[in-house]
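Following: one structure in structure tokens, then a few remarks.
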Amino acid sequence: GGLEVSGLARYNGINYVGFGNALSNGVNALAFFQGELIAGGRFRSNGTVATNRIARLTNAQWQPMGAGFGRPVNALTIFNNQLWAGGDFFVGDGSSTSNYVAVWNGSTWQSTTGLNNSVNALTVYNGTLYAGGSFSGALAAWNGTAWVVLPANNRPSSMVNSMTVFNNQLVIGGSFTGVGSPVIANSAYVMGYNGSTWTSFGLSTANTSGGVTAVHVHNGELYVGGNFSTISSSPAAGIARWNGSALVRVGGGLNGAPSALTTYNSELVAAGLFTQVDGSAGAAYIARWNGAQWRNLGGGLGGGGFGQLQGTALLPGPDGVLRVGGNFTIAGGQPSAGVAAWTAGGGQINITQQPSSQVVCPLQDFLLAVETSGSGTFTYQWRKDGLPLRDGRGIQGSTTAQLSINDAGPLDAGVYDVVVFNDCGPLLSSAATITYDTNCAAVCYSIDFNYNCVFPEDQDVIDFFNVLAGGTCP
């Protein structure tokens, strides 16, 4: 697999070869509409024809969509089978016919009303389209004829940057430091909204060091990215995961804020302002998380001329290709102006034997194993309750096909799985549940026979012969 040119390239069955025209500046948003790739951003042309911040890829060429807009497009979405665009544009900026949100009717952009400043995000929740941004009220719903901002006593204090749907709620992330009046406790930076009331994720300006720039649901869990190094008073560099009760770190994290998050090929993909992951590993503005570690994606993004170098948009396609938008002119070492595409590769992985659930007795050793087939070099990472395991304290083989745990105790009970991956893609095994049964017969074999943490001692010998004579384990 590799980051190659998309919109500037086509796949010939062997590799990518260049074609077409290039966008003149960065891309902030991507969407598919009526079978075509749509890009919105800061670009003004395709090199020869004015595109004015929005274009569609038709017959491998970027083409304009009506008159376009006079200022950047920040968000794209599909609602009621129509393409909606949100951004910094407004009537009077030179091209725009609408203020901050517009709807494409097939030939021109139709206006909407009700907002007085920029839109950063558009998301559909419970059949209603919501806009988030820096306009007064920060969050608004489309009622079919106009945008309606939430009441002053029930809305974010300032800007919304990103939105997603999680646990039947609209989750918003931004730089707001509170919601409602009076302010709801711990309502900073990320909150859930059910259409009338709010749910806190426990963040405040006191326990979290910066705002949220991206929110996304991956494998049924909420991930939050932003300008923070601590979240809920715990270290978390740039990205965190909601574990059901708190936001916690995701590995060693990112050294800068992600602008976009998505799921592709079973991995979490982040694009943004970062250049390192997991504390030291290089990852140029785009990276992926396989549940155990962060890795770079195909050499990353580079080049200059489009302002602050970064990835800003991610869009997995129905063709199995991940599109990437941003302020870059090189992707994976190839010329690529603002848009690129990544395809997974590196060999197949098949799990031919899954780990099995077990009931274990006190002090019993147990083994979990997985068998794989396919091509490429496999590596492994065993996890317990979704967190990576490390060798030590009775654990062996945490990065091999067989995991062994000695002297089982209550803390060893839980759900285990293993991530198997090669250079371009991971595969997660089925889950195996380890149940700790205090009522089954204990196993006696340790040198510290009576497990009083004192050895060698005479009592270990006495207890050993007592068991040989038919007694119970101490």
Side-chain angles (χ1 to χ4, degrees), residues 167 217-223 234 236 239-253 263-268 277-278 288-295 347-374 376-443 445-446 451:
N167 278 356
V217 178
H218 171 66
N219 286 346
E221 297 181 308
L222 177 66
Y223 285 77
S234 297
I239 190 164
R241 174 182 62 87
W242 178 252
N243 67 4
S245 58
L247 284 159
V248 297
R249 65 190 300 171
V250 180
T263 298
Y264 175 70
N265 199 32
S266 301
E267 294 182 297
L268 175 69
V277 294
D278 277 340
R288 50 188 169 163
W289 168 255
N290 60 23
Q293 67 181 95
W294 286 99
R295 297 180 295 159
Q348 296 181 339
I349 303 176
N350 299 297
I351 296 179
T352 57
Q353 177 179 305
Q354 301 282 356
S356 300
S357 297
Q358 302 173 41
V359 177
V360 300
C361 301
L363 307 177
Q364 177 184 338
D365 294 349
F366 65 91
L367 180 73
L368 292 168
V370 66
E371 293 184 3
T372 56
S373 66
T377 301
F378 300 150
T379 54
Y380 305 83
Q381 178 62 63
W382 285 92
R383 308 188 308 171
K384 176 180 177 288
D385 298 328
L387 298 176
L389 292 170
R390 299 288 183 264
D391 285 359
R393 296 183 178 272
I395 299 174
Q396 294 181 324
S398 60
T399 57
T400 70
Q402 291 189 339
L403 173 73
S404 65
I405 295 182
N406 299 329
D407 297 346
L411 296 180
D412 294 314
V415 178
Y416 291 75
D417 56 30
V418 60
V419 182
V420 185
F421 51 92
N422 60 12
D423 289 341
C424 283
L427 184 62
L428 182 65
S429 75
S430 299
T433 301
I434 297 299
T435 304
Y436 182 75
D437 187 357
T438 58
N439 296 318
C440 66
V443 180
Y445 55 85
S446 173
Y451 291 95

Suppose we screen for side-chain hydrogen bond (donor to acceptor under 3.5 Å, both in side chains). Which residues come up paired with Asp437, at least two apart in sequence or across chains? none

Suppose the criterion is salt bridge (charged side-chain N to carboxylate O under 4.0 Å, His left out): which pairs have a residue in residues 379-388, not counting sequence neighbours? Arg383-Asp417

Pairwise side-chain contact, Val248 with Leu387, heavy-atom cut-off 4.5 Å (strictly under): no

Note, Ile434 side chain near Tyr416 side chain (heavy atom, < 4.5 Å): yes

Do the side chain of Glu267 and the main chain of Arg288 share a donor and acceptor less than 3.5 angstrom apart? no

List in chain and number order the residues that pass side-chain hydrogen bond (donor to acceptor under 3.5 Å, both in side chains) with Glu221, two or more places apart in sequence or in another chain; answer none if no residue qualifies. Arg241

From Leu247 atom CG to Leu222 atom CG, the distance as rounded to the nearest 0.5 Å: 7.0 Å

Between Val415 and Ala431 the two heavy atoms that sit nearest each other are CG1-CB, 3.5 Å

Treating Thr435 as the side-chain partner and Val359 as the backbone partner, does any N or O pair qualify as donor plus acceptor under 3.5 Å? no

Any chance you could measure Thr372, atom OG1, to Gln354, atom CD, to the nearest 0.5 Å? 11.0 Å

Working to the nearest 0.5 Å, report the span between CZ of Phe366 and CD1 of Ile405. 3.5 Å

The criterion is ring pair (Phe, Tyr, Trp, His ring centres under 6.0 Å); which residues satisfy it with Trp294, sequence neighbours excluded? Trp289

Do Ile395 and Leu403 make a side-chain contact, defined as non-hydrogen atoms from C-beta onward lying under 4.5 Å apart? yes

Sidechain-backbone polar pair: Ser429 side chain, Val418 backbone, donor-acceptor under 3.5 Å: yes

For Gly397, is there any backbone N or O sitting under 3.5 Å from a side-chain donor or acceptor partner on Asp391? yes

Can you name the closest pair of heavy atoms from Leu368 and Ala432 and give their distance? CD2-CB, 4.1 Å

Nearest heavy-atom pair of Tyr436 and Ala408: which atoms, and what distance? CE1-O, 3.6 Å

Is the closest side-chain donor-acceptor distance between Ser404 and Asn406 under 3.5 Å? no

Restricting to side-chain hydrogen bond (donor to acceptor under 3.5 Å, both in side chains), what partner residues turn up for Thr263, sequence neighbours left out? His216, His218

Partner residues of Gln381 under the side-chain hydrogen bond (donor to acceptor under 3.5 Å, both in side chains) criterion, sequence neighbours left out: Arg390

Looking only at heavy atoms, the pair that brings Trp382 and Ala401 closest together is CZ2-O, 3.5 Å

Distance check, rounded to the nearest 0.5 Å: Leu367 atom CG versus Gln402 atom CD? 5.0 Å

Going from OG1 on Thr399 to OH on Tyr380, what distance comes out if it is rounded to the nearest 0.5 angstrom? 11.0 Å

For Ile239 and Ala236, which heavy atoms make the closest approach, and how far apart are they? O-CB, 3.9 Å

